[in-house]
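Below is one structure, written out as structure tokens; the observations come after it.
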Amino acid sequence: MAQQEFALDASQPASTAPEWLDTGACVLRGHAAGHAVEMIGGIRRIARAAPFRRMPTPGGGMMSVAMTCCGAGGWCSDADGYRYVAHDPRTGQPWPPLPDMWRDLATHVAACAGYAGFVPDVCLINGYRPGARMGLHQDRGERLDAPVVSLSFGLPAIFQWGGLQRGDPLRRIPLLHGDVVVWGGPSRLVFHGIAPLRAGQHPVTGPCRYNLTFRRVW
DNA sequence: AAGTGACC
DNA sequence: TCCT
């Protein structure tokens with residue numbers, strides 16, 4: 001039984017070589033799967049102090065993805081725009097600390113992608129329910145000399161990978177439980193997004209997908 | 001400006 | 001294509 005659960009947990013072997021999307025950007029299949037149960041527990045603990053919330057967008061809409069953060073700051077959206085803030089606007093408290101094990105894993109997978117010495121100071125935690133999506137965007141609010149490390153857990157999603165111009169053609173890349181994406185260098189400002197999540201059940205996360213993105217903001 | 005955008 |  002435990003063996004079978006592990007097989008379901010590890011959607012991909014963790015030892016595969018990087019699949020390069022572009023210069024500086026790759027997918028590491030399954031490299032976080034072995035840490036999934038511990039990390040989902042960490043997400044639940046962080047969410048008790050800094051609850052998941054859907055944020056308003058400057059244009060008057062609402063994000064479909066629920067977010068929380070940990071580390072030295074968190075990403076926030078409201079009517080005034082997008083920015084990183086050192087305190088959770090909802091509680092007034094500092095964001096929960098970035099767990100050492102999370103930081104070490106991000107450093108390790110970044111090194112696997114060719115980014116030695118990456119030390120993130122912020123982790124954004126995105127919670128996707130069926131239908132939730134992330135429109136095409138660039139990650140511009142952080143240091144551009146550091147990569148972004150993205151870990152996927154739970155339900156599969158279609159990652160849209162474009163180019164440096166919004167209108168560039170999109171590649172659709174399935175991201176499964178435990179998959180890692182790293183992008184930096186010449187790919188740091190590539191437009192990317194997530195297609196609307198398809199409903200399903202995952203043995204570790206139930207009806208959800210969690211995406212953890214590690215960045216260097218300060 | 002990362003939008004269950006809004007509008008054409 | 002516009003808007004915030």
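In the text below, chain A, chain B and the rest are named by the order of the sequence lines, each starting its count at 1.
Proximity of a side-chain donor or acceptor of A:S187 to a complementary backbone N or O of A:V190 within less than 3.5 Å is not detected. Remark: side-chain polar atoms of A:H137 are paired, donor with acceptor, to backbone N or O of A:G135 under 3.5 angstrom. A:R140 contributes no side-chain N or O that, together with a main-chain N or O of A:E142, makes up a donor-acceptor pair within less than 3.5 Å.
For A:R133, there are no side-chain hydrogen bond (donor to acceptor under 3.5 Å, both in side chains) partners two or more places apart in sequence or in a different chain. Residues passing the side-chain hydrogen bond (donor to acceptor under 3.5 Å, both in side chains) test with A:T213 are A:R215, sequence neighbours excluded. For A:R83, the side-chain hydrogen bond (donor to acceptor under 3.5 Å, both in side chains) test picks out A:D78, with sequence neighbours left out. For A:E38, the side-chain contact (heavy atoms from CB on, under 4.5 Å) partners are A:M101, not counting sequence neighbours. For A:D80, there are no salt bridge (charged side-chain N to carboxylate O under 4.0 Å, His left out) partners two or more places apart in sequence or in a different chain.
In this structure, the CG atom of A:D139 is 10 Å from the P atom of B:dA2, given to the nearest Å. To the nearest angstrom, P of B:dG3 lies 5 Å from CE of A:M63. Rounded to whole angstrom, the span from the CE atom of A:M55 across to the C1' atom of B:dA2 amounts to 10 Å. The CG atom of A:D78 sits 15 Å away from the P atom of B:dA1 (whole-angstrom rounding).
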Are there any protein N/O atoms within less than 3.5 Å of an N/O atom in nucleotides 1-4 of chain C, and if so, which ones and at what distance?
residue : atom : partner : partner atom : Å
C:dT4   : O2   : A:G59   : N            : 3.0

Show the atom names and distances, to 0.1 Å, of all donor-acceptor pairs under 3.5 Å that link a side chain in residues 122-131 of chain A to residues at least two apart or in another chain.
none

Run the side-chain donor-acceptor check on residues 151-167 of chain A: report pairs under 3.5 Å with partners two or more places apart or on a different chain.
residue : atom : partner : partner atom : Å
A:S152  : OG   : A:R209  : NH2          : 2.7
A:W161  : NE1  : A:D22   : OD2          : 2.7
A:R166  : NH1  : A:L136  : O            : 3.3

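Annotated stems with DNA chain B as a participant are lacking; only runs of 3 or more Watson-Crick or G-U pairs under 3.5 Å would qualify.
Contact check of residues 187-200 of chain A against DNA chain B (heavy atom, cut-off under 4.0 Å) returns no residues at all. Of all the residues in residues 123-136 of chain A, A:M134, A:G135, A:L136 reach under 4.0 Å from DNA chain B with at least one non-hydrogen atom.
Side-chain nitrogen and oxygen atoms of A:R166 include at least one within less than 4.0 Å of the OP1 or OP2 phosphate oxygen of B:dA2.
Every pair tested for ring pair (Phe, Tyr, Trp, His ring centres under 6.0 Å) that includes a residue from residues 88-117 of chain A fails, sequence neighbours excluded, so the list is empty.
At a cut-off of 3.5 Å, with distance as the only test, no side-chain donor of A:H31 or A:D179 sits close to an acceptor on the other residue.
Other residues, nucleotides and ligands contribute only 12 or fewer heavy atoms inside 6.0 Å of the CZ atom of A:R198.
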